[in-house]
Amino acid sequence: RLLDTIMYRNSREKKERAEEKRRKSLHKHDVNGKLFIIVSLLYCVFSIYLIVISKMMPYTGVALLDAIKEDHHYSYLLPLLWIPVFIMHILKWISRKYFIHNA
C-alpha cells in the first residue's frame, strides 16, 4: 500500500513537471513569435522609408535623414541585404543538421 502511494505520487509529480515544462515552452515560443513579427514589421517600415518615402520628403535639416534622402546606393543595399543573409542562414542550418545526424 505504501509502495502504491509512493509510485502514484511520483507519477503525478512527473506529469505535473512535464505539464509545467510544456507551458513554459509554449510561452517561450509565443514570445519569440511576437518578437519576430514586430521586428519584421519594423524592418518593412524602415525599408519602405529608405526606398520610397525618403526620396519624396523635403530636406529636414537633420543630417542623417538628409543623407538618406540624397543616397542612391546604400538605401537599396540595406533592405535587399536580407536575401543573401537568409540564404546563408538556411545553408548554415542545413549543414549543421547534416553534421549532427551524420555522426
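Using a 4.5 Å cut-off between side-chain heavy atoms of Ile, Leu, Val, Met, Phe, Trp and Tyr, with links allowed through other members, Met88 and Trp82 fall into the same hydrophobic cluster. Residues Ile83 and Leu91 share a hydrophobic cluster, clusters being chains of Ile/Leu/Val/Met/Phe/Trp/Tyr side chains in contact below 4.5 Å. Hydrophobic clustering (side-chain heavy atoms under 4.5 Å, transitive across Ile, Leu, Val, Met, Phe, Trp, Tyr) keeps Ile51 apart from Leu42. By the criterion of side-chain heavy atoms lying less than 4.5 angstrom apart, applied directly or through intervening Ile, Leu, Val, Met, Phe, Trp or Tyr residues, Val45 is not grouped with Tyr76; the two fall into different hydrophobic clusters.
In this structure, OG on Ser95 lies 12.0 Å from CG on Asn102, to the nearest 0.5 angstrom. Within the model, atoms CG of Asp71 and CG of Leu77 stand 9.5 Å from one another, a figure rounded to the nearest 0.5 Å. Ile48 contributes atom CD1, which lies 11.5 Å from atom OH of Tyr43 (distance to the nearest 0.5 angstrom). Taking CZ of Arg96 as the start and NE2 of His101 as the end, the distance is 8.5 Å to the nearest 0.5 Å.
Partners of Lys34 under the salt bridge (charged side-chain N to carboxylate O under 4.0 Å, His left out) rule, at least two apart in sequence or in another chain, are Asp30. In this structure, Ser54 has no side-chain hydrogen bond (donor to acceptor under 3.5 Å, both in side chains) partners at least two apart in sequence or on a different chain.
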Distance-only check: which donor-acceptor pairs under 3.5 Å involve side-chain atoms of residues 58-65, not counting sequence neighbours?
unit_1 : atom_1 : unit_2 : atom_2 : d
Thr60  : OG1    : Val62  : N      : 3.2
Thr60  : OG1    : Asp66  : OD1    : 3.3

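Scanning both residues, His72 and Lys55, for their nearest heavy atoms gives ND1-CE, 4.3 Å. Shortest non-hydrogen contact noted between Tyr74 and Pro79 is O-CD, 4.3 Å.
Taking the side chain as every heavy atom from C-beta outward, Leu50 and Phe46 approach each other to under 4.5 Å.
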